[in-house]
Amino acid sequence: MVVGRPDTDQPLRLTAADRSGRPPRRRWRPRPVDALVVAGYLALAVLLTTDQWRRPERLFHQAGDQMLFEWMLARAARAVTGGENPLWSAALNAPDGVNLMANTSVLGLGVPLTPVTVAFGSQVAFLVAVTLSLAGTAAAWYALLARRLVRSRVAAAVGGLVCGFAPGMVAQAGAHLHMAAQFLVPVILALVFRPATDRVRRDGVLLGLAVAYQVFLGEEVLVFLALAAGVLAGAYALADRAAARRLVPVVARRLGIGALVAGVLLAYPLWFQFFGPGHYSGMPFHTLGYRLDLASFTATARQTVAGDAHRAGLLSPNPTEQNSFFGPFLPLLALLVVVRLWRRPLVRALAACGLLFALLSLGASVVLNRHDTGVPGPYRLLAGVPLLDLVVPARFALVCVPVCGVLLALALDRVRRSGTRAWAPWAGAVAAALLPLTPTPIRTVPVTPVPAVVSGGGWQAYVPPGRTLVPVPPVTGAAVSPAMFWSARTGLAFDAPGGYFIGPRSATDPTARWGAPDRPTSLLLRRAAETGQVPPVGDVERRQAVEDLRHWRAAALVQADSSPADPVRATVDALVGPGRDVPGGHLWDVRPLLG
């Protein structure tokens, strides 16, 4: 990607003083301003999470996803402190367990954050992870820009700001840690496209280590990165064939060594993911439905100062996938930059990459202002490709985020060196494009607290070793899971059935589904919760309840924030007999019933 001088993109010539075969490099030294820029990124990330820091009784608006990642962080800490298998857990989905490697376990965040999780709990660990993911991604892009692509620290700072805090990144950070943690992306790109031809073995080993670590942060990001890097390299090679001929053998050797290192490190984890216990095939939802509206590229996301929540909701699959909302001016400014700097091979390569991934995010057919035009999209060419058919199309637009950030940095750097007369109008144009996209604190919603009988440990008097605590209703599908939430907030103190994860339909059918296979009793209680009415309960339902409770190895059932008029509580009473009030909820001791 970076094969020449930052201002010309022309291949560097060897000087008489350098007989080693290495191109002369611009020496990069850290400056005090670098620390200020990184501190600014960190402060902005803290500001975006401030609503939950100030009000810990709330969660980010996609509460179910936060519960999932809090549990994953707590499980990683448990694996470290207890010496347990980090790829598998029986603490959820009892008695079958969960294949964590086949889910978004974010071990790359959970393991290093273990001291935070143990000392302060899963919620603080989650907020720290969100903060570091946003700020770290911005800082990593800033470092790459300042070291390789631009001379102006201001240009690099603006580019890093866009790469780390664009609307799509903030939208993902509110729910998906595995998509927000992109701080290794610039590192991997820097290793692959290093302009020097020496130290191939060292770069290859570091590349393999970085790729392996990225797998434990988020495999989907790695898939996007590999595709984007391939498109970028191909487009650059067409634009600068001389540089391509010089660097292709070196890059190929780096990739070969990196693949070998990563392959050795990932052989067992990937086998466990695709063939280990609890593995699945396919996805539990139709990825084709998660596409972006073409009009969304010039709209403003909800989490911005100029955001229109209603229109943003109409143009995106859900609030978390507002990946393409670049506002009315940034796409125009990026287009202007491409036109002005078209002679540079890197700019042409970035333009090709950004355009292709923007088109891929539109899905199999193009939708404009909620109207399906019937125009086929290039994504339909990937829909049947193994692994790529599991990718959410809407997330292809996230590749456009660093493309825009790098283009802005290149343009500002060129203008900065052209003189103050040209700097003022460009600075104004950049401000006009970015100010409407200024992110606002991530929205939060109230959540039912963990019952005091659970958080305080009172449940231990009812649940002996080897038995489970069953939250009521025992959610097993794609919904908010009290089992995960209570387990995360107590440091996985107890085993529970159900949960919010992806697993197989059954022991003999690996087709993917959300959560554990439904049991008749869980369906009955879910119906009571959704309809607000007590369903008919007879001897058949009572016998089935006993069978299901034995399957779950249940010792006690607990309902949070319970009231006598609650139809779910009345249904459980009809199934297993009356329970008792406990701090924060209602509890049914089913040990006498099960024997």
Side-chain angles (χ1 to χ4, degrees), residues 56-57 67 70-71 74-75 77-79 81-82 84 89-98 117-123 447-476 480-499 516 519 521-522 524-525 528-529 542 544-566 568-595:
E57 75 281 2
M67 291 177 184
E70 281 198 35
W71 191 89
R75 178 61 182 82
R78 176 75 170 269
T81 58
E84 300 178 6
S89 177
L92 207 65
N93 188 32
D96 299 317
V98 179
T117 308
V118 172
F120 303 104
S122 62
Q123 184 179 26
V447 63
T448 302
V450 180
V453 68
V454 175
S455 60
W459 61 271
Q460 295 175 346
Y462 304 94
V463 184
R467 303 288 288 273
T468 66
L469 174 69
V470 181
V472 174
V475 177
T476 56
V480 173
S481 173
M484 295 195 79
F485 187 46
W486 299 359
S487 178
R489 291 293 173 92
T490 58
L492 277 67
F494 57 88
D495 295 344
R519 305 289 299 185
T521 301
S522 64
L524 189 71
L525 295 177
R542 293 188 184 94
Q544 184 63 58
V546 170
E547 182 179 337
D548 292 340
L549 291 170
R550 284 193 174 127
H551 172 78
W552 291 326
R553 300 173 185 168
L557 291 80
V558 176
Q559 183 183 28
D561 196 23
S562 176
S563 69
D566 190 327
V568 176
R569 174 169 164 175
T571 304
V572 177
D573 284 341
L575 289 171
V576 302
R580 68 189 70 179
D581 288 329
V582 291
H586 200 72
L587 181 144
W588 293 264
D589 184 352
V590 296
R591 289 176 295 174
L593 182 66
L594 303 181

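For clarity, every value in this text was computed on a predicted model and none was experimentally measured. Just so you know, residue 1 is the first one in the sequence shown, and it goes up from there.
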Kindly compute the distance separating [atom1] ([X]) from [atom2] ([Y]), expressed to the nearest 0.5 Å.
X    : Y    : atom1 : atom2 : answer
S89  : D495 : OG    : CG    : 7.5 Å
L557 : L549 : CG    : CG    : 5.5 Å
D573 : H586 : CG    : NE2   : 5.5 Å
L469 : L587 : CG    : CG    : 7.5 Å
R75  : M484 : CZ    : CE    : 11.5 Å
M67  : S487 : CE    : OG    : 12.5 Å

Pairwise side-chain contact, [X] with [Y], heavy-atom cut-off 4.5 Å (strictly under):
X    : Y    : value
P451 : V582 : no
V558 : W486 : yes
D566 : Q559 : yes

[X] versus [Y], closest heavy-atom pair with distance:
X    : Y    : answer
A528 : T571 : CB-OG1, 3.6 Å
A488 : A74  : O-CB, 3.9 Å
A496 : P471 : CB-CD, 4.4 Å
P578 : W588 : C-CD1, 3.8 Å
P95  : R553 : CB-CZ, 3.5 Å
T490 : V454 : CG2-O, 3.8 Å

Has [X] got a side-chain atom pairing as donor or acceptor with [Y]'s backbone, closer than 3.5 angstrom?
X    : Y    : result
D548 : R519 : no
R467 : A554 : yes
T468 : W552 : yes
Q123 : P56  : yes
R78  : L492 : yes

How far apart are the C-alpha atoms of L92 and W71, what are their side-chain angles, what is the distance that settles it, and do they pass the side-chain contact (heavy atoms from CB on, under 4.5 Å) test? CA-CA 10 Å; L92 207 65; W71 191 89; 3.8 Å; yes

Do D581 and R569 sit within salt-bridge range, that is, some charged N less than 4.0 Å from a carboxylate O? yes

